[in-house]
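A short write-up of the structure that comes next.
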Protein chains: 2
Amino acid sequence: MTICCETHEKDEVELIRNALPSEDHLFELAEFFKMLGDSTRIKIICVLFHGEMCVGGIVDLLEMNQSAISHQLRILKQARIVKGRKEGKQVFYSLDDHHIKMIYEMGMEHVFERI
Amino acid sequence: MTICCETHEKDEVELIRNALPSEDHLFELAEFFKMLGDSTRIKIICVLFHGEMCVGGIVDLLEMNQSAISHQLRILKQARIVKGRKEGKQVFYSLDDHHIKMIYEMGMEHVFERI
DNA sequence: CTCTTATATGAATAGTTGTTCATATGTTCA
DNA sequence: TGAACATATGAACAACTATTCATATAAGAG
């Protein structure tokens, strides 16, 4: 179907197709953005911009269920966006990546540049 | 609960809480990243880096269902990530924002810097 | 006017995901 | 050793989302 547009010859389509990153790369990239695509996780990241914080601190700050926070922290950890440091009973989390802040800021800029 | 960490006094928690962006802002930001957090949409965006392309062209390139592509294009359009230009029977889509490319590239860098 | 082509859209469905509840693990302190 | 606390985790459920199918709209060609 859709033999469509003479402007997009098979050659051009083939050319662009070859220039595209692999399925796997694009999948991983999407997975990464998916991590940032949740209110709770963005809030956690935003909190951790201010420095490391223990789970209980995050729970208090965001006034959310401890279990919910723990689950999201595990997801962020798996994605290597945060890392945990155990100290006695507590676990202190902090950002594990220096790109996150830039990406976050650029996202903010994008979302709020238009009034 | 979680009276926890003496290191995180109520004052500090309150201080950080006040420094956080509003709920609404963080929600919108998460919504934006959610748009990038899907394989199909990332692929579409990736294709459109090469220039505008009609729906049929995208369908051919990605070898996907036309309906699926149309649905995702509508979502991307609502999020103001792409825009459409009608020309006869065809609709040509292109990126609607200059931040996207940088965010995309930074995401790629993040995902693939670690071997 | 009718047929074909390009795109859009609604409904249905299957798969995914976030939260909650209950409970487990592990650590400190008495 | 046992109680109290901080965090993690599994199961269940509700909400959301991407895809597909069927069909609608809209435009050009004959």
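Predicted model, so just to flag it, every value in this text is computed and none were measured. Letters A, B, ... are given to chains in the order of the sequence lines, protein chains preceding strands, and every chain is numbered from 1.
Ring geometry for His25(A) versus Phe112(B): interplanar angle under 30°, hence parallel rather than tilted (30 to 60°).
Rounded to whole Å, atom C1' of dT5(C) lies 13 Å from atom CG of Asp60(B). Rounded to a whole Å, the CD1 atom of Ile44(B) is 13 Å from the P atom of dT7(C). Atom pair Leu73(A):CG and dA6(D):P shows a separation of 16 Å (rounding to whole Å applied). Distance, Gln90(B) CD to dT4(C) C1': 14 Å, rounded to whole Å. Look at NZ on Lys89(A): it is 6 Å from P on dA6(D), rounded to the nearest Å. Between Lys86(B) atom NZ and dT7(C) atom C1' the separation is 8 Å, expressed in whole Å. Remark: P of dT7(D) and CD of Glu87(A) are 11 Å apart, rounded to the nearest angstrom. Atom-to-atom, CZ of Arg85(B) to P of dA27(D) comes out at 15 Å; the value is rounded to the nearest Å.
The base of dA6(D) is not paired with the side chain of Gln66(A) by any donor and acceptor separated by under 3.5 Å.
The 12-atom threshold is exceeded at NZ of Lys83(A), counting heavy atoms of other residues, nucleotides or ligands nearer than 6.0 Å. Atom CD of Glu23(A) has 12 or fewer heavy atoms from other residues, nucleotides or ligands within 6.0 Å.
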(request) Start with the C-alpha distance between Ile45(A) and Leu76(A), add both sets of side-chain angles, then the distance that settles side chain to side chain contact (heavy atoms under 4.5 Å, CB included), and finish with yes or no. (result) CA-CA 9 Å; Ile45(A) 290 169; Leu76(A) 287 171; 4.2 Å; yes

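The Val55(A) side chain lies nearest to dA8(D) when the options are dT5(C), dA8(D), dC5(D).
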(request) Do nucleotides 14-20 of chain D as a string where each nucleotide becomes B, S or -: B if the base has a protein heavy atom under 4.0 Å, S if just the sugar-phosphate does, - if no protein is that close. (result) ---SSBB

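For the pair Tyr93(A) and dA8(D), the criterion of a side-chain N or O lying under 4.0 Å from OP1 or OP2 is met.
Judged purely by atom type and a 3.5 angstrom limit, Arg85(B) has no side-chain atom pairing as donor or acceptor with the backbone of Phe92(B). No donor-acceptor pair under 3.5 Å is formed between the side chain of Arg41(B) and the backbone N or O of Leu36(B).
Residues Phe33(A) and Tyr104(B) place their aromatic rings such that the two centres sit no closer than 6.0 Å.
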